[in-house]
Amino acid sequence: MAHLDLQTEQPSCATDGVWLACIECGEQFAPFESVRYTCDECDGLLEARYADLPTWDDFAGSGVWRYAAALPFDEGVSLPEGNTPLHEVPGIEAELGLDRVRVKHEGMNPTGSFKDRGMTVGVRVAERVGVDRLACASTGNTSAALAAYGARANLETLVLLPAGKVAAGKVAQASLHGARILEVDGNFDTCLDIVQDLATSGEAYLLNSLNPFRLEGQKTIGLEIMEQFRDEEGDYPDRIVLPVGNAGNTAALYKCFRELEASGAIDSDDVPALTGVQAEGAAPMVEAIENGWDHIERWDEVETRATAIRIGNPVNAPKALPGIRSTGGTAVAVSDEEITAAQRALAEEGVGVEPASAASIAGLRKLRESGDVDDDERVVCLTTGHLLKDPEAAAEAGVDPEPVPGTTEGVVEHLEAN
Ligand SMILES: *Cc1c(COP(=O)(O)O)cnc(C)c1O
Ligand SMILES: [Zn+2]
């Protein structure tokens, strides 16, 4: 497959050793001269390419920009982002009968999700291209990140949200950071269709994960996991389990590992098995993996409590499906009840996440039960967003407050009686 091949011979259209290549037909394009999200020739997805691929010694500093040698710029519009914790979760390890499970908590980014990693790079590219209005469709977290990074860069931001389907914390963020919020009568996929039309007609610069530069920033999740895990364990993880919505992260992690392998930083058998988890009510990627399809079929009706992955048409599937397959991974669907149970299990370890994030643990639990994950596997689960993003879901999953009288005696009596 053409996209597996990381050509490093620099074409004349490159700028400072960076260019864009179509994953379907291989056509190459100048990276910053004009705005382009897909291939002019065949409409395929684009990928950033580099004349030089870095190895571990080329990285210095902390956060996303530690990995500047793997990115199109040396610095960006930064809040700063990345450098998130890799938590130990002994309770979950014991319950699942696994020696080593770590949780990479991306909810600890500046706006509370991994989207910040993509935005710091994407907004830098927008500045370089010279646009003045940024836009995205969002299930919530992309809009929160875009609003904050757009504000920081002094650029106008426009976000399209599916009306009534976005968690409260996320809308509040977009609102306070000053984005124009358009509540669309439709689901996320409808919002993305509209914003793509706006972007194509030059109304705004698109910062969804269709934008190849956003995925460059998100690649740093993989770089950080490899370094943190190796420093702690002297080895790399066997498997990375992550929630899948538009499949941008899956695509970004796959690219990260291909580049590390191509530069000689890791061996091919060091590449972790990419394992995607979707909600049962929005699982086109799982359907494609289970049926051995090389494309997804769009789901028009999607429903799940995990609103961040309530997506029926994952635009990055052409990049992500080969990633899951060629790393020896798989994809699995989990119910909303399983997601809530996993959210509680993480909370019991002190790790607070939003529902979509808990899908990773729910998926791992399911794959342990089915025997797809072995006892001796070293696993990293990605938790993508913070608990406070969706306070309503957290309150529903958690314990109820108890009303008591406003006296010490009354409180003591209540504690004794219950
Ligand atoms: C965006 C998002 C996802 C989905 O990520 P993709 O890269 O689109 O697959 C999952 N969880 C949370 C919390 C998100 O914000
Ligand atoms: Zn093409």
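Each ligand, and each atom within it, is numbered from 1 in the order the structure gives. Note that these values count all heavy atoms, side chains included, but never hydrogens, waters or copies made by symmetry.
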task = Please write down residue, atom name and distance for the protein heavy atom closest to atom 4 (C) of ligand 1.
result = Gly245 N, 3.6 Å
ask   = For atom 5 (O) of ligand 1, which protein heavy atom lies nearest, and how many Å away is it?
value = Phe114 CZ, 3.4 Å
key: Short side-chain donor-acceptor distance under 3.5 Å, His105 and Thr383   = yes
message = For His295 and Trp293, take the angle between the two ring planes, folded into 0 to 90°, and tell me which bin it lands in: parallel under 30, tilted 30 to 60, perpendicular over 60.
response = parallel
inquiry  = I need the nearest protein heavy-atom contact for atom 12 (C) of ligand 1: residue, atom name and distance, please.
reply    = Thr384 OG1, 3.2 Å
query = Once rounded to 10°, what is the value of the angle centred on the Zn ion (ligand 2) between Cys25 SG and Cys39 SG?
reply = 110°
ask   = Is it the case that Asn249 and Gln218 place a side-chain donor and acceptor less than 3.5 Å from each other?
value = yes
ask   = Got more than 12 heavy atoms from elsewhere within 6.0 Å of CG, Asp132?
value = no
message = Which residue and atom name correspond to the protein heavy atom nearest atom 7 (O) of ligand 1, and how close is it?
response = Asn249 N, 2.8 Å
message = Set out, in order, the CA-CA distance, both residues' side-chain angles and the distance that settles side-chain contact (heavy atoms from CB on, under 4.5 Å) for Leu364 and Leu98, then state yes or no.
response = CA-CA 10 Å; Leu364 177 61; Leu98 289 166; 4.1 Å; yes
ask   = Any heavy atom of Ala247 sitting closer than 4.0 Å to ligand 1?
value = yes
Closest approach of any protein heavy atom to atom 14 (C) of ligand 1, naming residue and atom = Lys115 NZ, 2.9 Å
ask   = Can you name the one residue among Phe73, Tyr205, Trp19 that meets ring pair (Phe, Tyr, Trp, His ring centres under 6.0 Å) with Phe32?
value = Phe73
